[in-house]
Undergrad: 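What follows is a single structure, and I will ask about it in a moment.
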Amino acid sequence: MKKWIWGFLYLFSILLGNAFVIWFGIVTIAGLTFPAGVVWIGLTFSLRDFVQRYWGDWATWGWMIAASVITLFFNMDIALASMMAFFVSESLDWFFFKILKRSLVSKIIWSNLVSCPVDSLVFVLLAFGPVWPAIIGQAIIKYLSGLIVLPFLIVRQKPSPAPAA
């Protein structure tokens, strides 16, 4: 059951990310410029790590292909930019998550650190052109939003305190 939840959360985050970009485009909040769906898409990198953990490598590629196909039902320009960015960055994320021999938390941090800026560069260039503030802003927010899952993992890994006597 748990593995299905991770798979559907992964697909849902991609749907929301694409919808927000189509509805709101590029936005500026608190001086940072970025495509509006970036927080949702940032979550996809960490959620994909969980899909890989629970489903394995080959099934993860199936989920990634399904997510790419789903993007075709959105705006074609956004869908193509998203699919290209998704293919390049998710491949990198998958590769680094696979080869790193570290804890789950460390694997998520390092695989996202590589894949988020690449995704931002490819997506913004293809969808909007060389809007460098949006590329930089998206990379920052995407990385931070991808790390939202870490506090939950860290708390879960800590041993419970001994009961009071």
Side-chain angles (χ1 to χ4, degrees), residues 1-23 34-127 135 138-159:
M1 178 68 174
K2 185 185 285 188
K3 72 181 193 177
W4 285 101
I5 292 170
W6 290 117
F8 287 119
L9 285 173
Y10 174 66
L11 290 177
F12 189 62
S13 67
I14 293 167
L15 291 171
L16 283 174
N18 286 324
F20 272 58
V21 170
I22 291 164
W23 294 333
F34 52 90
V38 71
V39 172
W40 298 111
I41 297 300
L43 280 172
T44 65
F45 289 96
S46 294
L47 292 172
R48 200 234 14 97
D49 292 338
F50 282 99
V51 168
Q52 187 171 346
R53 182 174 187 207
Y54 287 102
W55 285 85
D57 293 332
W58 291 106
T60 298
W61 281 98
W63 282 100
M64 288 167 38
I65 290 167
S68 295
V69 170
I70 288 171
T71 63
L72 290 174
F73 294 100
F74 290 94
N75 173 294
M76 188 57 75
D77 293 334
I78 298 297
L80 291 175
S82 178
M83 285 174 60
M84 287 301 299
F86 186 78
F87 177 75
V88 172
S89 63
E90 286 286 336
S91 297
L92 281 171
D93 195 81
W94 172 84
F95 176 74
F96 279 93
F97 187 85
K98 176 80 175 158
I99 66 165
L100 291 172
K101 304 298 181 207
R102 297 172 172 251
S103 70
L104 176 63
V105 170
S106 182
K107 288 167 78 164
I108 289 172
I109 290 170
W110 286 102
S111 65
N112 287 3
L113 190 60
V114 172
S115 58
C116 287
V118 171
D119 181 86
S120 299
L121 180 67
V122 173
F123 177 75
V124 175
L125 282 175
L126 293 176
I135 293 169
Q138 176 169 310
I140 292 167
I141 292 174
K142 185 174 289 184
Y143 184 70
L144 293 175
S145 67
L147 299 180
I148 288 172
V149 300
L150 292 183
F152 301 104
L153 290 175
I154 292 167
V155 166
R156 213 170 132 205
Q157 289 179 352
K158 288 183 181 176

Undergrad: Any heavy-atom pair between the side chains of Ser111 and Asp49 that's under 4.5 Å?
TA: yes
Undergrad: Taking side chain to side chain contact (heavy atoms under 4.5 Å, CB included) as the test, write out the residues that go with Leu16, two or more places apart.
TA: Phe12, Phe20, Trp40
Undergrad: Taking side chain to side chain contact (heavy atoms under 4.5 Å, CB included) as the test, write out the residues that go with Thr44, two or more places apart.
TA: Tyr10, Ser13, Ile14, Ile41, Glu90
Undergrad: For the residue pair Gly37 and Val21, what are the closest heavy atoms and their distance?
TA: N-CG2, 3.5 Å
Undergrad: Taking the side chain as every heavy atom from C-beta outward, state whether Pro35 and Val124 have any atom pair closer than 4.5 Å.
TA: yes
Undergrad: Salt bridge (Lys or Arg N to Asp or Glu O under 4.0 Å) with Lys3: which residues, sequence neighbours excluded?
TA: none
Undergrad: At their closest point, which heavy atom of Ile78 faces which heavy atom of Ala127, and how far apart are they?
TA: CD1-CB, 4.0 Å
Undergrad: What are the two closest non-hydrogen atoms of Thr60 and Gln52, and how far apart are they?
TA: OG1-CA, 3.0 Å
Undergrad: Applying the side-chain contact (heavy atoms from CB on, under 4.5 Å) test to Arg48, which of Trp63, Phe86, Phe97, Trp6 qualifies?
TA: Phe97
Undergrad: Looking only at non-hydrogen atoms, find the nearest pair between Lys98 and Lys101 and report the distance.
TA: O-NZ, 3.8 Å
Undergrad: Rounded to the nearest 0.5 Å, how far apart are CZ of Arg53 and CZ of Phe50?
TA: 6.5 Å
Undergrad: Looking at every non-hydrogen atom in both residues, tell me the closest pair between Asn75 and Ile22 and how far apart they are.
TA: N-CD1, 3.5 Å
Undergrad: Mind checking what makes side chain to side chain contact (heavy atoms under 4.5 Å, CB included) contact with Leu121, not counting sequence neighbours?
TA: Leu125, Trp132, Ile135
Undergrad: Say you draw a straight line from CD1 of Ile140 to SG of Cys116; how long is it, rounded to the nearest 0.5 Å?
TA: 11.5 Å
Undergrad: Using the ring-ring contact (aromatic ring centres under 6.0 Å, His included) criterion, which residues pair with Trp4? Sequence neighbours excluded.
TA: Phe8, Trp55
Undergrad: Starting at CZ of Phe96, measure out to CD1 of Ile108 and round the result to the nearest 0.5 Å.
TA: 16.0 Å
Undergrad: Minimum heavy-atom separation for Leu9 and Leu47, please, with both atom names.
TA: O-CD1, 3.5 Å
Undergrad: Test of understanding: with ring-ring contact (aromatic ring centres under 6.0 Å, His included), list the residues that count as partners of Trp61, not counting sequence neighbours.
TA: Trp94
